[in-house]
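As a basis for the values below, the full set of heavy atoms in this structure was taken, side chains included, without hydrogen atoms, waters or symmetry mates.
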Amino acid sequence: MCAQFMLKTDRNEVETIFEVSIPVDLPDALFDQRVVPFRYAPVIVAEEGRRVVRAMRFHLTPRWAKTETVKWATYNARLDSILEKASFRLAFRENRCLVLMNQFVEPIYEGKWAGHMVRFHEKESSVLAAAGIFDEWVHPETGEVIESFAVVTNEPSEFVERIGHDRQPVFPADGVWDEWLKPGKADGLILQKLLIDNPQQLEFAVSEDRPMRPGWEKRK
């Protein structure tokens, strides 16, 4: 589960790499932070035929939820079951984004890194774009709109699996970014195939983030 990720960049680098427009009122701090559930982070969406950056909250609240936050974990959406989950299937078909990150943080329970949270990152330490989905929740009394997102995850690369984790974010190849971002309803099976057939070719490295708390062995 990708419950935390790191983004260490600046708006100029994001604009150059991803050919996006970033609103001037988005704080610079959004592009330099550890992102954990319920924190706001920049994501890329398509609007009127162009890529733009919006700030959304990490932990998806489906549009039909009765409250602003749900009691179950919705920060990751498993690609293999995404069409079966009520929390994710509408957003997957209708609202897709790219989530910016340099590193994703995972717990390791076996092997050399057992007992540690580790950071997986591309060897060149570049800014990566993970597949994401988002939804809009409207407060029934105030009309406030909350935009929130989840990171799409799937089977790990050989390297991530060897280090000791069983899932990772999906990183689509840049040639399919616009197809993935295209707004509006789409066939879920076609979207699944798009991500499976078009992965970004990445070489990962790993580094220690921090030791896990005592008792981590019970969570194996």
Joint cluster assignment, [X] & [Y], ILVMFWY side-chain distance < 4.5 Å:
X    : Y    : result
L90  : L83  : no
L202 : V176 : no
L30  : I146 : yes
L26  : V35  : no
V53  : I17  : yes

Tell me which pairs pass ring-ring contact (aromatic ring centres under 6.0 Å, His included) where either residue lies in [range], with sequence neighbours left out.
range            : answer
residues 25-48   : F38-H59
residues 122-163 : F58-F149, W137-H139
residues 109-133 : F104-F120
residues 176-198 : F18-W177, F92-W180

With a 4.0 Å cut-off, would you call E158 and R162 a salt bridge?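 A salt bridge is present here (some side-chain N lies under 4.0 Å from a carboxylate O).
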Should the heavy atoms of other residues, nucleotides or ligands under 6.0 Å from [atom1] of [X] be counted, would the total exceed 12?
X    : atom1 : answer
R213 : CZ    : no
E208 : CD    : yes
E203 : CD    : no

Donor-acceptor contact present, side-chain [X] to main-chain [Y], <3.5 Å:
X    : Y    : value
Q33  : L7   : no
E122 : E124 : yes
Q168 : S157 : yes
N198 : A173 : no
S148 : T61  : yes

Under a single-linkage rule joining Ile, Leu, Val, Met, Phe, Trp and Tyr whose side-chain heavy atoms are separated by less than 4.5 Å, which residues share a cluster with V138?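 V138 clusters with V145.
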All salt bridge (charged side-chain N to carboxylate O under 4.0 Å, His left out) counterparts of E68, not counting sequence neighbours: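 Result, salt bridge (charged side-chain N to carboxylate O under 4.0 Å, His left out) vs E68: R57.
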Are [X] and [Y] side-chain neighbours, meaning at least one heavy-atom pair lies under 4.5 Å?
X    : Y    : value
L98  : P172 : yes
N154 : R78  : no
E136 : R63  : no

Partner set under side-chain hydrogen bond (donor to acceptor under 3.5 Å, both in side chains) for [X], not counting sequence neighbours:
X   : result
R51 : D178
E47 : R54
E13 : T9
R34 : Q4, D209

Considering only distance and modelled atom types, tabulate donor-acceptor pairs under 3.5 Å from the side chains of residues 186-194, sequence neighbours left out.
residue: D187; atom: OD1; partner: L189; partner atom: N; Å: 2.9
residue: D187; atom: OD1; partner: I190; partner atom: N; Å: 3.2
residue: Q192; atom: NE2; partner: L79; partner atom: O; Å: 2.8
residue: K193; atom: NZ; partner: D197; partner atom: OD2; Å: 2.5

Hey, could you give me the CZ/CZ distance between F204 and F171, rounded to the nearest 0.5 Å?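 So the CZ of F204 and the CZ of F171 are separated by 4.5 Å.
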Using the side chain to side chain donor-acceptor pair (under 3.5 Å) rule, collect all pairs that involve residues 84-93, keeping only residues at least two apart or in two chains.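 Of all non-adjacent pairs touching residues 84-93, those that pass side chain to side chain donor-acceptor pair (under 3.5 Å) are W72-S87.
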Between V160, V206, V118, which is the residue that forms a side chain to side chain contact (heavy atoms under 4.5 Å, CB included) with H165?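 Passing option: V160.
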Which residue in the set I133, V43, L60, V99 passes side chain to side chain contact (heavy atoms under 4.5 Å, CB included) when paired with V151?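 The option that passes is V99.
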For a quick check under 3.5 Å, do R119 and S207 share a side-chain donor-acceptor pair by atom type?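 No, no side-chain donor-acceptor pair sits under 3.5 Å.
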